[in-house]
Each structure stands twice: as structure tokens, then as C-alpha cells.
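Letters A, B, ... mirror the listed sequences (proteins, then strands); counts begin at 1. Keep in mind it's a predicted model, so treat the numbers as computed, not measured.
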Amino acid sequence: MAATDLERFSSAEPEPRSLSLGGHVGFDSLPDQLVSKSVTQGFSFNILCVGETGIGKSTLMNTLFNTTFETEEASHHEECVRLRPQTYDLQESNVQLKLTIVDAVGFGDQINKDESYRPIVDYIDAQFENYLQEELKIRRSLFDYHDTRIHVCLYFITPTGHSLKSLDLVTMKKLDSKVNIIPIIAKADTISKSELHKFKIKIMGELVSNGVQIYQFPTDDEAVAEINAVMNAHLPFAVVGSTEEVKVGNKLVRARQYPWGVVQVENENHCDFVKLREMLIRVNMEDLREQTHSRHYELYRRCKLEEMGFQDSDGDSQPFSLQETYEAKRKEFLSELQRKEEEMRQMFVNKVKETELELKEKERELHEKFEHLKRLHQEEKRKVEEKRRELEEETNAFNRRKAAVEALQSQALHATSQQPLRKDKDKKKS
Amino acid sequence: MSTGLRYKSKLATPEDKQDVDKQYVGFATLPNQVHRKSVKKGFDFTLMVAGESGLGKSTLVHSLFLTDLYKERKLLSAEERISQTVEILKHTVDIEEKGVKLKLTIVDTPGFGDAVNNSECWKPVTDYVDQQFEQYFRDESGLNRKNIQDNRVHCCLYFISPFGHGLRPVDVGFMKALHEKVNIVPLIAKADCLVPGEIRKLKERIREEIDKFGIHVYQFPECDSDEDEDFKQQDRELKESAPFAVIGSNTVVEAKGQRVRGRLYPWGIVEVENQAHCDFVKLRNMLIRTHMHDLKDVTCDVHYENYRAQCIQQMTSKLTQDSRMESPIPILPLPTPDAETEKLIRMKDEELRRMQEMLQKMKLQMQDQ
């Protein structure tokens, strides 16, 4: 039977048959092995608390984990929202928990809250990015990696009794695709029962009508389906936190003592704290981590990789290898760079040539001009020479005439002086 | 009512009939006459309530005056409020008690602090207050002053959220914008979420921050030294419990066999009028029974006069620049150039000198080249 079955399995790939076992094999201990492995490894859980300053975030954390996390009181006058992560190591029985509580300090205090959601979104994305980087490394150590991705966001709603605040709506819309949101009504001891019922309906109505996807407790696992379904109907949980103990009856319970009564934190009639603790820690903690990894992180990863240019392969092409694609991309990128370099070099050479030509032109022009000027100059010179000659000639002529005139004059004189002689001579003759 | 009794006790009761004709002049009945006339004339009071949505303002007003002023009120949903602007709504009611008529105006500021971006969200409020002052100013300076309507805001109840650690930036901004224009009475709203220790701490914190930011809230006047001890004690307690931590309620519940205004919780009943539970009674006494008139006086004598002085000063400085402009005030003397203009002149001189120096430098540079 075994051999033929094997043949059949190796040739085609039909739906595997389910066989029944003859006896106890023992692989039902697999979950236990997994559990013991994870217990030795330790768990990590990251909670993000978003809510107005003073709404009771730190007190609720203290109440939930039954310890005192040292946090200083925040001021109302912060310039902008900043995130303050603090990591604690807790242990219960033999289970180690690395708990990180991230506080959104200064949320809701500023006068202009347009950008309040941004630091929170950036922080969540940064944690995803860190994980993605670790995943993409060549030598990676995921089992050792301290997972800082936010597993759940507790959103604290102010108990106004009317509806959500505008800031709440805007922020939750930005966060619902990145993190599991569990909305909580804080300081619920200020709302009476009837008002609370109306308030819860109003809030859920507003969330649904605005398309905000809050975390739904999973109802597919039979063990917890029923209780989760019931709890889903009680969202958002109206909680009261307290670290002080008050004597009620003959026990010390965590409560708040008012002049008109005592609000007990763990009394289901007074508030939904027990439900929150049940859901958040005792039943669904692992599911929250899983959802963060399989839904929110995968969405982030897909968007990020698409941005970088990767694409999923089709069914019939070769199996997709990140490494190859990466190499191809790298080569492409380098060749692109080279091409650009060549281009630039060409451009440079061209420019040099052009400039050279221009310079030559200019030089030629200058030469021409020079020649031209030279010629002009020579012309001028010649003209001047001519003029000079003319002038000289004239002067010579003038001198000659002058000499002639003088000669004539002297002749004339001489003649007149001779004339009387001649006259005399004539007289003598006559 | 205690106030009624007080007045009555000061009324003249001529003891000796014999001395009546000789010594008793009769002007001791003046308080009676004032009382009578004021009853006939009726009173008016304008109260402004301001604070974020959901802090219980309308419930408190209802509890204070025991009338429902907000019958058809439309509450906006969160998405509608993202870019909400502040409106000013006035509700006026005439109420009467033992022959005394009161025309009460409540000025509501829906939308305050609701939007995501609340920069300058108090501007509509300051504009409204200034408008009322201006209106009164014009009426007062007009020719026919018989029936002046006084719409000036006499008191502003500012609701501080109890969910925080003290004042928020928007609270500080609002109070600083209005503290010189209106009497601000800060209140801690929804005080049923705070245990007594927390209330004390929060009040101290708020008082500190009010001092730190230099906000001038309404100060209760000192009581006369000839008042009785009881009254002085009350007054002291009043001053020490500011800002008042209040709780409001529209519903009447059954507590210890009595029907009281309160809120019903699974762990107990909060009684609004129980002094151990909250300061509602103190607020009501202060606002309505003892200090209402003082609030009006401070508004008239201090805030309005400040506004008027500022207004006149502005107008005179404008008059020196432009030609005679339309103003309700008769001719004013020309003032000497005030400090402002002199400063401006000096600044301009400086600028000219600097420009000249630069020009010189540039000339030198060009010469060198």
C-alpha cells in the first residue's frame, strides 16, 4: 500500500487524501513542542496608547498589568505630538513577556491639530520598515530580532456623551489600515448607564459610516468564537482605571472612592475593564500579533516593494527570486548611471568645441578689424604724405617765386642803378 | 431667601414714636424705594457659556435656571465638526420669581474647540463682545437715550475639561483673549469623574496656571468689615473653592427617600445640590444670589470703560491723520503727537541713514573698481 501510494503522490498533485490512523502516533504533541519553544524564546507585545493628555492611559496600563510603570505626568503645552516607547520585561508563571508601551505624548493638546496624526503614522511605518530591512538582509536573524511592530493601538475616547471628536475620526481613519485599533471609552465613571448605551451606539455608528475598520475579535476559532462574538457587541469598552485599593465588604479591591459611592474596577456592573483585560491579554493577544504580521505588515511590505519597482511574477514564468530581480535592478541602475555620465561628457565636449569655435571666430574678427584699421591708418598716412609733399612743393614753388621776385627786384635795382649809367652813356653818346 | 432678609433688616423701623417727628428725617427708607423701583423696572443679565463640546454646558445652564433653553438643539456628528467654525447663539428668556422679573440672555458658543484646527477659534467670541460694547457706546452717545438695551456680556462661564492635568493651550488662548473684556468665571466641568483628592490637586494646578499665564479672572469683591461672621466665613469659603467643580443634571432621581436633581450610577447617586458632592450650590449662590449685580457693575465700570477709553483714543489718533470723520462724539481737541508717531519717525530716520550709508559704500566700491 505504501509504495503505490507514494508513486501516485509523486506523479500528479491531487488533493491529499485524509487517512485514519491505526494507533497513537504521537504527533499530537506538536503544538506542545511549539509552545515550549516559544516559551523559552519569550514573547514580545507592543501596545500603542493614543488619547488626550490626562485621559488615563498610564493608569490603565498600570491597572491592566497590575504593576507600576514609571511614567512622568505629561504637560499640556507640548509643541507637537511625539512618541515615547518604553520597554519592560514582565514574567508570569514561566512565561516571559517583553512589553513595549508606546505613548503618544501631546496628542490633542495643540491648537492646530491638523498634523497630529503624522508622527504616529510615521512611527508605525518606521517599525515596519525596520522589520522589512531585517527580512531583506542577506544574513538575517529573525528569531533573535526584537519585534517592535505595534500589535495593537488602544484609542482612548473622551467621554463627552455625545459622539466622537473630529480629531478622533481623522486619526482613526489614518491608522486603521496600519494597526489593529481597539477603541476604548476612558474615564467611564462619568457616564451613567443609559447615556453609555447611547454613546456606544453613536460611536460605532460613526465609525461604520466613515469606513473606519477597527479590530474585530476573531470568530473562526471554535474555542473562543462565542465569547469573542459577545465581546464584539460590547465595543467600545468603557473602562475605569485605578491603582488604589479600597476596602469593600471585607476585601481590598482596586477602586475609586467618591463621596457618593465606590467605583470598583473589576466589577462588571460598573465598567468593562474585565472584558478588556480578557480580550486583550487573556484570549486574543496572539491573534493580535498574527494579524499585525499577516495583514498590516504584509500590506506595508507590498506597498513598499511596489514602490521600489518589484512586481509579482505571473503563474507560468519562472519562479520569482528577489535576489535576481535585485541584481537586475542594480545593473539597470548602474547602466543608467553610465549612460547619464556619457551624456554629460558628450555635452561637455560639445560645449568645449562650440566655445572654441566661437573664440576662433572672435579672433578672426579681431584680426580683420586690425587689418582694416591698419589699412585705414596707412591710407591716412599716405594722404598725409601726399599733402605734405604738396605742401612742400608749394613751399618750394613759393620759395622759387620769392627767389625769382627777389632776383627780379635786385635786377630791377641793378638795372635802375645801371640805367643812369646808361643814360649817362647815352647822354655821352648823344 | 437670605438676601431678601438682609435688605429687610436694614429697613427703617421707627422705634420711638415720640422722637419720630423730631429726629426721624425719613431717608432711611431709601433702600425700600430702590427695591421698589428696581422690582418695577426689572433686571437683565447676559451670561455667556464657553467651552468644548460635551462638557455639560447646556445641562448646567438648565440646572442653574431650571428652565430648558435648548429645546431643539442639533448636535453635529464628528465628521461634520472637522472644520467647524464657531457660531454665536443667543437665547433670551423672561423669568419671574416673587415679583422680580429677570430678562436672562444666554450666549452660547457652539463649535468652540471642535475643529481639528482651532487657531483663533475665539475670534468670533471677542468680535461679538466688542460688538455689544460698540452698540452700547453708540447708544450711550446718541441723542435719544431713553430705552438703551444693555446687551453687554456680564459674565462668561468658561468650562475646563476635567480629563486633563490643568489648562490646555486653547483654554489659555481663549481666556487671555477675553479677560480684559468680560468677567471670566472658570469652572471645572463634569466633576463627577474626579475623587476629592484629584479635585483639590486640579484646582491648585489651575490656579497656579492662571497666575503663571497672567489671566485675570473675575475676583470676588472683598466683603465689608461690618458684615456678620457667617457671611464672612461663606465669602472665604467661596474664594477658596475657585475654580468651582460643578456637575449638572436635567433629571430628578430618588435618593434617601427624597427627590433630588442628580445622576444615577450603579455605584451611587450624585446629588447636584449636595455641597459635599460638588460646588454647584456655591456657583449658583455666587452667580445668582449674591454677585449678579456685582458682575454687572464690574462689566459697566471696568470692562466697558476700558473699551470706551480705548475706542476714544483710537478715534482721536485717527482724527489727527485723516480729515474729520463721522463720529458720534462732539469735537475733540487735537492731541500732541503721541509716543507712537514719534517712534515711527525715529525708525524712518534710522532707515534713511542706513540707506545712505549703503549708498556711500557702493560708491566707494565702484570707484575702487
Side-chain angles (χ1 to χ4, degrees), chain A residues 51-56 73-78 108-114 116-117 156 158-171 186-195 202-203 205-207 209-210 240 242 244 255-264 267 269-271, chain B residues 52-56 59 75-84 113-121 161-173 189-198 202 209 213 247 249 251 253 255 262-271 274 276-278:
Chain A
E52 286 180 5
T53 309
I55 201 77
E73 210 179 68
S75 119
H76 279 289
H77 301 277
E78 301 268 345
D109 276 335
Q110 297 81 26
I111 292 185
N112 184 351
K113 297 176 271 222
D114 277 335
S116 289
Y117 70 88
F156 289 71
T158 318
T160 57
H162 295 324
S163 66
L164 283 175
K165 292 198 174 178
S166 47
L167 176 65
D168 295 341
L169 200 61
V170 165
T171 312
K187 297 208 169 172
D189 51 356
T190 198
I191 317 185
S192 62
K193 265 224 160 25
S194 50
E195 289 170 359
K202 189 83 205 293
I203 292 179
E206 283 194 329
L207 289 175
S209 67
N210 283 289
V240 173
S242 171
E244 281 151 18
R256 285 172 67 76
Q257 172 105 36
Y258 287 108
W260 49 86
V262 177
V263 181
Q264 294 159 42
N267 184 333
N269 219 5
H270 289 185
C271 70
Chain B
E52 283 185 4
S53 285
L55 285 178
T59 313
L75 284 172
L76 297 176
S77 71
E79 49 187 304
E80 289 169 346
R81 284 190 273 159
I82 291 179
S83 38
Q84 170 78 307
D114 276 351
V116 178
N117 184 351
N118 289 315
S119 312
E120 301 278 311
C121 62
S161 166
F163 306 121
H165 296 311
L167 291 178
R168 287 168 200 223
V170 72
D171 300 336
V172 176
K190 291 203 169 175
D192 53 351
C193 81
L194 298 168
V195 293
E198 291 168 351
L202 185 61
E209 292 193 342
F213 290 108
I247 302 173
S249 170
T251 51
V253 294
R263 291 172 63 75
L264 178 64
Y265 289 115
W267 47 86
I269 299 180
V270 183
E271 293 164 41
N274 186 334
H277 289 188
C278 70

Measure distances from [X] to the heavy atoms of chain B and classify the residue's part below 4.5 Å as side chain, backbone, both or neither.
X	result
A/D114	both
A/I191	backbone
A/V262	backbone
A/S75	neither
A/A74	backbone

Pick one of side chain, backbone, both or neither for [X], based on which atoms fall under 4.5 Å of a heavy atom in chain A.
X	answer
B/E271	neither
B/D114	backbone
B/R263	side chain
B/A189	neither
B/L55	neither

Under 4.0 Å between a side-chain nitrogen and a carboxylate oxygen: does that hold for A/R256 and B/E198?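 Salt bridge between A/R256 and B/E198, a charged N being under 4.0 Å from a carboxylate O: yes.
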Counting heavy-atom pairs under 4.5 angstrom with chain A, the leader among B/N274, B/I269, B/L194, B/I247 is B/L194
Between [X] and [Y], is there a donor-acceptor pair closer than 3.5 Å when you use the side chain of the first and the backbone of the second?
X	Y	result
A/D168	A/L164	no
A/K165	B/S53	no
A/Y258	B/C193	yes
A/H270	A/Q264	yes
A/T160	B/G54	no
A/K202	A/G161	no
B/Y265	A/T190	yes

If you count heavy-atom pairs under 4.5 Å with chain B, which of A/E73, A/K187, A/E195, A/Q257 comes out on top?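 Heavy-atom pairs under 4.5 Å are most numerous for A/E73.
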Only pairs of heavy atoms separated by less than 4.5 Å count here; which of A/L169, A/I203, A/D189 has the most with chain B?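 Of the options given, most contacts go to A/D189.
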